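Read through the structure below, which is laid out as structure tokens, and then see the notes.
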Amino acid sequence: QVPLVESGGGSVPAGGSLRLSCATSGDSYSTRHMAWFRQAPGKEREGVAAIRSDGSTNYAASVEGRFTISKDDAKNTLYLQMNNLKPVDTAMYYCAAVDGRIIRADPALNARGYEYWGQGTQVTVSS
């Protein structure tokens, strides 16, 4: 089991910023692919941003240029910097991880490709 603990959610006005954090631990940290997903009420979970074990990233088109995913290996922490937030960004945000050594394909923004999930942190953007 891989612990994933999100924090940093909150309520902000449109145009505001938040930084989400996902603290984790475990021996497989250096080989993990990690990602942020979000789910709004009544909608399916969608991929927001992913970062592979080699540091390469990809983003959903809806957040490209506004959100930045990064990780601090010394702190075993994943981040999501969210700028210019919009009401449509309102959702529960989840951190996800999978050990890159046991998968055959890059999961990217496909939720089915991730094995471990955090409990989520709520982000609410008011207009």
Side-chain angles (χ1 to χ4, degrees):
Q1 189 62 264
V2 172
L4 299 170
V5 181
E6 301 98 333
S7 61
S11 297
V12 296
S17 298
L18 284 173
R19 188 177 79 158
L20 305 183
S21 299
C22 174
T24 185
S25 62
D27 295 338
S28 65
Y29 176 81
S30 64
T31 59
R32 286 181 207 157
H33 299 317
M34 300 188 73
W36 289 97
F37 289 79
R38 66 186 181 188
Q39 188 167 19
K43 295 188 177 181
E44 293 187 356
R45 188 168 296 191
E46 65 169 339
V48 175
I51 186 165
R52 300 169 190 82
S53 57
D54 65 0
S56 59
T57 60
N58 61 311
Y59 296 89
S62 60
V63 306
E64 185 86 49
R66 299 188 298 124
F67 291 10
T68 302
I69 189 171
S70 63
K71 57 179 180 171
D72 186 331
D73 293 344
K75 296 182 179 179
N76 285 7
T77 302
L78 177 72
Y79 300 102
L80 184 67
Q81 177 66 44
M82 305 186 294
N83 298 328
N84 191 21
L85 282 160
K86 304 175 181 180
V88 295
D89 295 318
T90 295
M92 185 71 79
Y93 283 70
Y94 298 91
C95 173
V98 65
D99 190 338
R101 296 172 296 180
I102 66 169
I103 58 175
R104 295 183 177 181
D106 176 11
L109 297 178
N110 185 349
R112 295 180 181 179
Y114 291 88
E115 183 175 5
Y116 304 105
W117 293 84
Q119 294 300 307
T121 185
Q122 178 67 38
V123 172
T124 303
V125 184
S126 58
S127 58

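All values reported here derive from a predicted model rather than from experimental measurement.
In plain terms, the two heavy atoms of Leu78 and Ala35 that are nearest each other are CD2-O, 4.0 Å. Taking each heavy atom of Tyr94 and Trp117 in turn, the nearest pair found is CB-CE3, 4.0 Å. Shown here for Glu6 and Cys95, the closest heavy-atom pair between the two residues is OE2-N, 2.8 Å.
When Leu80, Leu18, Thr90 are each tested for a side chain to side chain contact (heavy atoms under 4.5 Å, CB included) with Val123, only one passes: Leu18. The side chain to side chain contact (heavy atoms under 4.5 Å, CB included) with Leu85 is formed by just one residue from the set Asp89, Val88, Asn83; it is Asp89. Tested against Tyr93 for a side chain to side chain contact (heavy atoms under 4.5 Å, CB included), the candidates Gln39, Gln122, Arg38 yield a single pass: Arg38.
Between the Arg19 side chain and the Gln81 main chain, no donor and acceptor come within less than 3.5 Å of each other. A side-chain donor-acceptor contact under 3.5 Å links Thr121 to the backbone of Gly9. Of the possible polar contacts, none joining the His33 side chain to the Gly100 backbone as a donor-acceptor pair under 3.5 Å is found.
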**Item:** side-chain hydrogen bond (donor to acceptor under 3.5 Å, both in side chains) between Thr31 and Asp99, intermediate numbers included
**Value:** CA-CA 6 Å; Thr31 59; Asp99 190 338; 2.8 Å; yes

**Prompt:** Does the side chain to side chain contact (heavy atoms under 4.5 Å, CB included) test come out yes or no for Val98 and Tyr116, once each step is laid out?
**Reply:** CA-CA 6 Å; Val98 65; Tyr116 304 105; 5.7 Å; no

**Message:** side chain to side chain contact (heavy atoms under 4.5 Å, CB included), that's the test. Do Glu115 and Ile102 meet it? Break it down for me.
**Reply:** CA-CA 11 Å; Glu115 183 175 5; Ile102 66 169; 3.6 Å; yes

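Taking a 4.5 Å side-chain heavy-atom cut-off between Ile, Leu, Val, Met, Phe, Trp and Tyr, the cluster of Val5 contains only that residue.
Note that the CD1 atom of Ile69 and the CZ atom of Arg52 stand 10.0 Å from one another [nearest 0.5 Å]. To the nearest 0.5 Å, atom CZ of residue Arg66 and atom OG1 of residue Thr68 are 11.0 Å apart. To the nearest 0.5 angstrom, Ser62 atom OG is 5.5 Å from Glu46 atom CD.
Using cut-offs of 30° and 60° for the angle between ring planes, the Tyr114 and Phe37 rings count as perpendicular.
Counting non-hydrogen atoms of other residues, nucleotides and ligands closer than 6.0 Å to CD of Glu64 gives a total above 12.
Remark: the Thr24 side chain and the Arg32 side chain contain an N/O donor-acceptor pair separated by less than 3.5 Å.
Tracing side-chain contacts under 4.5 Å through hydrophobic residues (I, L, V, M, F, W, Y), one never reaches Tyr79 starting from Val63; they form parts of separate clusters.
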